[in-house]
Amino acid sequence: MNQPYNPAEIEPAARQRWVDEQAFRAPDQPGDDAFYCLSMFPYPSGHLHMGHMRNYTIADVITRHLRMQGRAVLQPMGWDAFGLPAENAAIARGVPPAKWTRDNIAHMRGQLQDLGFAIDWQRELATCDPEYYRWNQWLFLKMLEAGIAYKKTGTVNWDPVDQTVLANEQVIDGRGWRTGAEVEKREIPMYYLAITRYADELLESLDGLEEWPERVRAMQANWIGKSTGAEVEFPHADGRLKVFTTRPDTLMGATYMAVAPEHPLARKAAETRPDVAEFIRSCATGGVSEAEIATQEKRGIDTGLTATHPLTGDELPIWIANYVLMGYGEGAVMAVPAHDERDFAFANQYGLPIRQVIASTEGEPAYDDTTWQDWYTAKENVRLVHSGAYDGLDFQAGFDAIVDALEEKGLGRRRVQFRLRDWGISRQRYWGCPIPIIHCPSCGDVPVPEDQLPVVLPEDLVPDGSGSPLARCEAFVACDCPNCGRPARRETDTMDTFVDSSWYFMRYPCSDNHEAMVDARTRAWMPVDQYIGGIEHAILHLLYARFWTKVMRDLGLVEVDEPFQRLLTQGMVLAETWYREDTNGRKTWFNPAEVDVERDAKGRMVAAVLAGDGQPVEFGGIEKMAKSKNNGVDPAVMVEQYGADTVRLFSMFAAPPEQSLEWSEAGVEGSWRFLKRLWNQIHAHLDEAPPAALAPAALDSQALDARRKVHETIKKVSDDFGRRYSFNTAIAAIMECSNVLAKYQPGDDAGRAVLREGFEALVRLLAPVTPHFSQALWQKLGHQASILEAGWPVLDENALAQQQVTLVVQVNGKVRARIEAAPDADRDQVQALALAQENVQRHLEGMTVRKVIVVPGKLVNIVVSS
RNA sequence: GCCGGGGUGGCGGAACUGGUAGACGCGCCGGACUCAAAAUCCGGUUCUGGCAACAGAGUGCGGGUUCGAUUCCCGCCCCCGGCACCA
């Protein structure tokens, strides 16, 4: 009779049923109500981690909720299979990256399947398959034709010992991760994609992405960084030094020029000045990342060269400064130390003149050239001073007058500048998509003809950390020039893995098409209705995917302007960290699963010991799950122990999807207990006499209360799943309803009909989160069809009606009483009732009532004073 | 350094449009069942004072707007994400 809840039995059975029924196959030609639900595909690192589990559970809840409403949903899965970790694994274990990657994919696919996700596995793809990456190559060639792809030099991190280019991640405190050698900046030729051509559109269409989080749109807008200003030319001995500035109004305050160490004028100065050459060399150490450059100590050197101020004719010294970036604007700035914080610090450090040219009109403290104040950069409530003919003008008038004067002399003009830079896609790495170019001694760089695609990456190489294994692979490199037929060399750089992930979502609908990159199915399914993934991708991946989509649109391959209609950025998964410190200060980290915590009578943590030896361990805070802190919890282990439904339930219940989630095994047990309780509750109900048909008119007040709770829950959960994506509160509401039904003890068939209605609703409301559990119970409740076909519970508005509502009575904003009233009671009635309350009267003694605020159905606030 | 986000009981979180702060869960305390333990069930649980009724305080810190602020505004502190070669 009383069958215990046993996920090990019901979960495989439910999954088998869905597989047999091909329940998750999405149609090739979707109808109008079809929905494309996409998760960011995983990098096949070896094991599914909690972040993946959380991501795909969120997507699965959305998918299954819509499926139950009868909509066709495409939920695909694939593998972001190229990348650095495979090469690192190869270095560590001597296994070819291809084998390591494909083994990982096989393992992780099984793990995903054990979680019961409603994925259409027929559409699976991996970016390391030639059938996928040939289309990277094909589109790259189209971009070359269109002039969107081009070649120029770029700066990389160079490890002088390993003779290899390092990723920013591989530069630790300015040194190579394996060799410890001081990293150098090096200029090498690379291929670029002209994303800046789309800068304006990428910025402007952000406004249309109304269902994206505001913060992601803000980050992207700032990243693109459109600024309006002017370019100004400063004549010098050999030409003109061009700069971009957003503050041409401060031109009269420019006291020196600063150029990047890589600027041509810097190189020229170095020819005759060994100290300048040495300074430039010293700037070439350290990594290329912006964070590193922005936080390094500001240093500079005078080149001895000068440039002429375009309006005053003054000679300004040209300095080289390490805070000027060659990659932004012109690689040179006009320094106005009085009104730019970095120039101010630099000028004070090197004793350069500071000339105030804007003054506050709003009573700010007086200008002081030794102390920086924020108003020095203000555009409002300021006027120009010490600027000759321009004195007294405000920001806009000064801007216009000065730029007009420059234009007249041909030494400047208005201009828009973007912070966004073109996308360098060349990587000096093995495990990536080969760039389809052949270098011919006579013809130069020749694109691989379309009929010779794909350029297949050899899969049997094992990198050792130095140089590029591809460059050493003669079988790959040696080829004939497609142009002249003479011996030539293949390009050995591969593409940035962001290329692979910029369009994979367009390939799922047509992953079996060997003739074309995308087809009518892609055009029918795009755009993605819902995209879900980590907030860490808020800028780069999402921006590149948007760009790539626009390029494909302009090449006539797709019709959409934007790839992702709605975006949900999930938070990270965190866990406690525990450690012991040895006498040398070295920390050993212990997994939270091995630690026992002791608590005091109030439940506060007082001590913790390692279960293995009973000796104390220290608490290291709550941090992102990571190998380095040994605080990762393996979802597979949790699934093994509690079943997929419990793990899914906990991860959706413990935090809202956009926030970080603290993993807690005690919390997982809470979810497990809830499922067990509901399971037993429903079985107890099934053991009783069968219910009568539901007859709302004949119910007593207890039955009406129970039924109202059921329908309030249907309303809340539908809204939380469908509109708010607030899964944690939906689950809380289901738990509340289950608690209410547990207390309701019907004495008759009519009451049991309310219970039956309630349980059938709860099982279906829970189905998106705990599909196996709901599938099993739905069958036990007597239904043949799959839970996916069960339909979403329907709200009965009549069941929500209430006789009485509780209102709060406040005196001066403090709650002093509660009153019951009919929901439609009028103001005067409610006010009279409120004033009559004993505790309210006590607080009115000796006071005068000034005002009474009545918020219908909610509260009464009586404002008094003495 | 720059850009973005967050901070509410012992803990995770709730409060959706300015209207009862702490739903739901964890932990903890007490009780039932048991020879005992586990499991399960019942009750309590923001803090301070009080037997209680109740009173006072309270949403990172300091100010402001409002009858009323976790919610809006100004200034600060701390933590987290991104910074173009990790994905």
Separation between the P atoms of B/G10 and B/U48, rounded to whole Å:
9 Å
Distance-only donor-acceptor check, side chains A/Arg850 and A/Ser865, under 3.5 Å:
yes
Can you see if the side chain of A/Asn861 gets near the phosphate of B/G19 - specifically, an N or O under 4.0 Å from OP1 or OP2?
no
A/Arg842 vs A/Glu838, test: salt bridge (Lys or Arg N to Asp or Glu O under 4.0 Å). Steps then yes/no.
CA-CA 6 Å; A/Arg842 276 195 16 223; A/Glu838 193 191 325; 5.8 Å; no
Which nucleotide in the list B/A23, B/G27, B/A87 gets nearest to the side chain of A/Glu736?
B/A23
Regarding the side chain of A/Arg673, the nearest nucleotide among B/G4, B/A84, B/C26 is B/C26
Candidate nucleotides B/A87, B/C24, B/G19, ranked by approach to the side chain of A/Phe653 - the nearest
B/C24
Pair A/Arg419 + A/Glu290, salt bridge at N-O below 4.0 Å
yes
Does A/Ser289 offer a backbone N or O that forms a donor-acceptor pair with the side chain of A/Glu292 under 3.5 Å?
no
Identify all stems in which RNA chain B takes part, counting only runs of at least 3 consecutive pairs (Watson-Crick or G-U wobble, each distance under 3.5 Å), and give each as one range with another, ordered by first number.
B:1-7 with B:77-83, B:10-12 with B:24-26, B:27-32 with B:40-45, B:46-49 with B:54-57, B:60-64 with B:72-76
A/Lys629: partners by salt bridge (Lys or Arg N to Asp or Glu O under 4.0 Å), with sequence neighbours left out
A/Glu623
Quiz question: by atom type and distance under 3.5 Å, do the side chains of A/Thr569 and A/Glu658 form a donor-acceptor pair?
yes
